[in-house]
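Just so we're on the same page: letters track the sequence lines, and every chain starts at 1.
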There are 2 protein chains.
Amino acid sequence: MTAPHPPFAVAVDLAVFTIRDGALAVLLVERGEEPFRGSWALPGGFVEPDEDAEQAAWRELREETGMARFPGHLEQLRTYSAPDRDPRQRVVSIAHVALAPDLPEPQAGTDAADARWWVVDDLLEGDDGPTLAFDHRQILLDARERVRAKLEYTTLATEFVAEPFTLPELRRVYAAVWGTPPDLGNFRRKVLGTDGFVVPTDVRGEATEAGGRRALLYRRGTATVVSPPMARG
Amino acid sequence: MTAPHPPFAVAVDLAVFTIRDGALAVLLVERGEEPFRGSWALPGGFVEPDEDAEQAAWRELREETGMARFPGHLEQLRTYSAPDRDPRQRVVSIAHVALAPDLPEPQAGTDAADARWWVVDDLLEGDDGPTLAFDHRQILLDARERVRAKLEYTTLATEFVAEPFTLPELRRVYAAVWGTPPDLGNFRRKVLGTDGFVVPTDVRGEATEAGGRRALLYRRGTATVVSPPMARG
DNA sequence: GTAATAGTGTCTTTGAGACAGTATTCG
DNA sequence: CGAATACTGTCTCAAAGACACTATTAC
């Protein structure tokens, strides 16, 4: 505690998830500067002197998504601190996870050459996706696992849909995140049987082009935990 | 990313838990320096230039417990970054949780006036305990909740006992952490029914002074998750 | 009508909750 | 032997898994 301590830079990085076309997608920016110029990376930036990490993350989130009021959920993931994770200097990054309903196409920020949504499985499973900058592949892996796990025992899935929403929409969130849809009947039993998970309206949704029964619309309830958890396929 | 970024100090803090006399206990040090001289605090220190946070935490752990080979478990908890959490300068702390079987009385380190184990509930529930330095009360609250939660769905309880151990010993871990013992029969059914939670030896433990049947000894298994989770009372 | 989607009901199985009963070891 | 502790068995109930069935809408 007494020794001189070397200067560190402290950054936040963000894994911002949404559901697009039935798949879990994440926001990446193409770096316009060295190092890793031209590579894709998680959005992020340095923490300012008068803000904490969460404030910095919210600020970056608004800047990167171009939304004055980001409509979703944000939480800290973990901190990455390998000495060589940034070739310029010592940077520790406090990574965060954010969830949002389908957002408009992002605008490239000041430091970014481009910004777009990527299907997470394309980045992490196949060899199709680009190599991510820094240790962002690892952060993304950890972030995806956090989201998968939290869908089991929290009501966080509702943060992926805009209100009001239907139960089939909500079920498609689980299908996208887990890779396989939960059983229809059991899913409804669990969601409707968990007090405060969703609250029904008396309105039905729009008809789809293919026809079929119109689903009832719901809003988010006040519950945050699901106990016992919903089982992952 | 381009702007100059102010210097931060990066520290690690540790909530080191053990079970002593049937209660969850945590290691605190009495600060020998300003700020908070004379207050009790979680052990910790600054991250060195060539190590990551986990290495720094292991190093501090060995220094603070005086053990060359710390026998327990260590994991990152979360990072605390309020701008005013340290009155001297901007310090972000990457907090960690460590679990260990009953350890010898600690030695006060170089920066500490004293070091000892405290019963966690005395610190957090009553008004008896001392006020902790910095935001360490909040860190301790978060750390306890992490441990409580992880006993439900992992085999982490075995890190609180030295091998070989008996099932009644292991059950007392749950009793201490949760405040109430799980039902005897159901606890055994769950532990023995979870493949790889514990592996039996063919040896029985010592007799207690009061007499009674001698319990079979077990070792840790390779399993890490308990599914479905063990329910908290 | 058919196709498509939303929603309900029910049988089976798993496993937790509660708690009574048996076994072993001490004095 | 009685007290204390370790261990086993069993009945009940809650809830997940699987899957068949009914309802509503577009064409």
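DNA chain D is contacted by B/Arg188, B/Arg189 of residues 187-195 of chain B, taking any non-hydrogen atom closer than 4.0 Å. Near DNA chain C, meaning a heavy atom under 4.0 Å away, the residues from residues 203-220 of chain B are B/Ala207, B/Gly211, B/Gly212, B/Arg213, B/Arg214.
Not a single donor-acceptor pair under 3.5 Å links the side chain of A/Thr79 to the backbone N or O of B/Ile94. With B/Gln55 contributing its side chain and B/Asp52 its backbone, the two residues share a donor-acceptor pair below 3.5 Å. Using a distance-only test at 3.5 Å, with no hydrogens or angles considered, a donor-acceptor pair links the side chain of A/Arg214 to the main chain of A/Gly205.
With hydrogens and angles ignored, no donor-acceptor pair closer than 3.5 Å exists between the side chain of A/Asp183 and the base of D/dA16.
Every residue two or more places apart in sequence or in another chain was checked for a ring-ring contact (aromatic ring centres under 6.0 Å, His included) with B/His96, and none qualifies. With sequence neighbours excluded, the residues forming a side-chain hydrogen bond (donor to acceptor under 3.5 Å, both in side chains) with A/Ser93 are A/Asp13, listed by chain and number.
Pairs engaging residues 179-207 of chain A under the ring-ring contact (aromatic ring centres under 6.0 Å, His included) rule: A/Tyr174-A/Phe187 [sequence neighbours left out]. Contacts classified as side-chain hydrogen bond (donor to acceptor under 3.5 Å, both in side chains) and involving residues 146-158 of chain B (residues at least two apart or in different chains) are given here: B/Glu75-B/Arg146, B/Glu75-B/Lys150, B/Glu152-B/Arg232.
A salt bridge is absent between A/Lys190 and A/Asp183: the closest approach of a Lys/Arg side-chain nitrogen to an acidic carboxylate oxygen does not fall below 4.0 angstrom.
Distance B/Leu184 CG to C/dA20 P: 14 Å, rounded to the nearest Å. One interatomic measurement links the two molecules: OH of B/Tyr153 to C1' of C/dG15, which rounds to 21 Å at whole-angstrom precision.
Along DNA chain C, the nucleotide nearest A/Asn186 and the nucleotide nearest A/Leu167 are compared for position; the residue whose nucleotide lies closer to the 5' end is A/Leu167.
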